[in-house]
Amino acid sequence: MTTTADVSMSPATAELFQRYVVPNYGRYPVSLVRGEGSHVWDDQGRRYLDFFPGWGCNLLGHCPPAVVEAVQDQVAKLIHVPNSWYMEPQGQWAKLLSERSFGGQAFFCNSGAEANEAAIKLVRLHTPEERYKIITFTGGFHGRTLGATTATAQPKYHEGLGPLVAGFDYAPFGDLDAVRELVDDETAGLLVEPIQGEGGIRLPPEGFLEGLRAIADENELLLVFDEVQAGCGRTGEWFAYQHFGVTPDVMTLAKSLCGGVAGGALLTTAEIAPSLRPGMHAATFGGNPLAARAGIATLETIEREGLLDRAKQLGERFRENLAPLVDELPHCQELRVCGLMIGLELLVEGAPVVAECMKRGLLINCTQGKVIRLLPAMTLTDDEVDEGCQVLADVLRTIEA
């Protein structure tokens, strides 16, 4: 692994962004130019081991060969046509997703926020007009569009955006009694991440998802699982709900769905799907031929290479590497792991840890201020896991509690 005392980039690239790009992202002073597997290279020739590839989108690593080949083949045949026409790859993609989930139908879009907006509409369209409220959960994250932002029960994301979309109630994650108290004659659905991602890799308390299913059934509500971060094999099952034996009515997907290519989806049952009727929702680029071919290649690669089992094995290797730090270091509070969703909660701010790891050639993420979040690729080698965990451990040992 390359060790870098200082991180810098081309001044010309920085000037381009300063003059022409809206500054709505906090950016590291690094310009990435190439990726392969779990490594990326910057414009200065430095190589980094990436434990957070594409913010969780690159589940197969950077530029996975099967996805690259599928997109290269498709781009020379047909790039885009609207959804007023049939496209065979889109139908095949929907079939593969249906067969690996709960046997429903798919609506395709381009991102997790779009998928969740579709779910919000579907919940309202499928229930009587007087029922429009959706209960969501503290610590959850559902996207950046206004409806998805309102569904995100974190006040910091609401500042300056009011008035927000009406019809959302918030309950503490894991608190079934609070959910029961919020349900009334105007409630239409429940929207929850089965494993909270941006909220800090928070696993549901025992019985919580089962309890939500019961509340939904008792009150004729739709249960929506946001699996934008957890879905498509990251946890070692095709979908996180399969760990808990609780099947949702609606599920949203994105991030790793297309192996790094932009794509999102909503899955629902054949009985509920017709409520999202023509004219009520659409996505211009949703399910386009390039995304569909990438999505098919991603699913086929995971299956052909046995990567669901590999995700579980890698998760345990991360656990073996990082769990001792909780006992060793007073500022390491808790480790949470489900396949390749890994959160290490600290008692100190995590941003300096991220910055120092980057200087040492390791890319990681911090969420909620104090949770080191790793969403690595299924294609990591054991040596790469050990190497990156050693860097992280060395950095954490330099941090004062």
Minimal non-hydrogen separation, A291 against A262, with atom names: CB-O, 3.7 Å
Just jot down the side-chain hydrogen bond (donor to acceptor under 3.5 Å, both in side chains) partners of T152, sequence neighbours excluded, or say none. none
Begin with the C-alpha distance, continue with both residues' side-chain angles, and end with the deciding distance and a verdict on salt bridge (Lys or Arg N to Asp or Glu O under 4.0 Å) for D382 and R310. CA-CA 10 Å; D382 289 351; R310 180 61 177 158; 2.9 Å; yes
Could you tell me whether the side chains of Q313 and D309 share a donor-acceptor contact shorter than 3.5 Å? no
Has the side chain of K121 got a donor or acceptor atom that lies under 3.5 Å from a matching backbone atom of L276? no
Can a donor-acceptor pair be found, under 3.5 Å and without considering hydrogens, that links the side chain of R100 to the backbone of L299? no
Are there more than 12 heavy atoms of other residues, nucleotides or ligands under 6.0 Å from atom CZ of R19? no
pair V228-L253: side-chain heavy atoms closer than 4.5 Å: no
D217: what forms a side chain to side chain contact (heavy atoms under 4.5 Å, CB included) with it, not counting sequence neighbours? R213
For E198 and G139 the tightest heavy-atom approach is OE1-O, 4.5 Å
Examine the side chains of N288 and Q90 and answer whether a donor and an acceptor come within less than 3.5 Å of each other. no
Decide yes or no for T381 and D386: does some side-chain heavy atom of the first lie under 4.5 Å from some side-chain heavy atom of the second? no
Q229 versus Q196, side-chain donor and acceptor atoms under 3.5 Å: no
Check: L209 and Y241 side chains under 4.5 Å, non-hydrogen atoms: no
Please determine whether the number of non-hydrogen atoms from other residues, nucleotides or ligands lying under 6.0 Å from atom CD of Q333 exceeds 12. yes
T379 and E384: which non-hydrogen atoms are nearest, and at how many Å? O-OE1, 4.4 Å
Test of ring centre spacing under 6.0 Å for F173 and F208: yes
Has the side chain of E237 got a donor or acceptor atom that lies under 3.5 Å from a matching backbone atom of L308? no
One thing to verify: whether R360 and E356 come together as a salt bridge, which I'm taking to mean a side-chain N less than 4.0 angstrom from a carboxylate O. yes
Are there more than 12 heavy atoms of other residues, nucleotides or ligands under 6.0 Å from atom CD of E186? yes
In short, side chain to side chain donor-acceptor pair (under 3.5 Å) pairs touching residues 134-144 with sequence neighbours left out are H142-D226
Which heavy atom in Q105 sits nearest to a heavy atom in A273, and how many Å separate them? OE1-CB, 3.1 Å
From CA spacing to verdict: salt bridge (Lys or Arg N to Asp or Glu O under 4.0 Å), K312, E316: CA-CA 6 Å; K312 294 175 184 175; E316 288 309 304; over 6 Å; no
Could you tell me if D42 and S31 have a donor-acceptor pair between their side chains, going purely by distance under 3.5 Å? no
Check for a donor-acceptor pair, side chain of H243 on one end and backbone N or O of T235 on the other, with a separation under 3.5 Å. yes
E130 atom CD, over 12 foreign heavy atoms within 6.0 Å: yes
Specify the closest pair of heavy atoms between L161 and Y157, including all atoms of both residues, with the distance to one decimal. CD1-O, 3.3 Å
With side chains defined as the heavy atoms from C-beta onward, is the minimum distance between F168 and I120 less than 4.5 Å? yes
Donor-acceptor pair, T150 side chain versus V165 backbone, under 3.5 Å? yes
Residue pairs meeting ring-ring contact (aromatic ring centres under 6.0 Å, His included), one or both in residues 368-387, sequence neighbours left out, come to none
Walk me through whether L190 and V179 qualify under side chain to side chain contact (heavy atoms under 4.5 Å, CB included). CA-CA 9 Å; L190 312 173; V179 177; 4.1 Å; yes
Is there a side-chain contact between L375 and R234 in this structure, where contact means two heavy atoms from C-beta onward sitting under 4.5 Å apart? yes
Is any side-chain heavy atom of R47 less than 4.5 Å from a side-chain heavy atom of V40? no
State, with a plain yes or no, whether a side-chain heavy atom of D43 is found less than 4.5 Å away from one of W41. no
For E210, does the CD atom sit with more than 12 other heavy atoms under 6.0 Å from it, leaving out its own atoms? yes
Verify the ring-centre separation between Y28 and Y48: is it less than 6.0 angstrom? no
Got more than 12 heavy atoms from elsewhere within 6.0 Å of CD, E129? no
For residues I399 and H331, report the shortest heavy-atom separation together with the two atoms involved. O-CE1, 3.2 Å
Short side-chain donor-acceptor distance under 3.5 Å, Q368 and E345: no
May I ask you to decide if T187's main-chain N or O and D184's side chain share a donor-acceptor pair within less than 3.5 Å? yes
Quick test of your reading of the model: are K95 and E99 salt-bridged, counting only N-O distances below 4.0 Å? yes
Backbone N or O of A94 within a donor-acceptor pair of the S98 side chain at under 3.5 Å? no
Distance-only donor-acceptor hits, side chain of residues 49-61, under 3.5 Å, sequence neighbours excluded:
unit_1 : atom_1 : unit_2 : atom_2 : d
D50    : OD1    : F52    : N      : 2.9
D50    : OD2    : H62    : NE2    : 2.9
N58    : ND2    : H62    : ND1    : 3.3

Per the side chain to side chain donor-acceptor pair (under 3.5 Å) rule, what does the pair list look like for residues 71-81, sequence neighbours excluded? D73-K77, D73-R293, Q74-R293
For Q44 and S8, indicate whether the former's side chain and the latter's backbone hold a donor-acceptor pair under 3.5 Å. no
Can you confirm whether F239 sits close enough to F225 that some side-chain heavy atom of one is under 4.5 Å from a side-chain heavy atom of the other? no
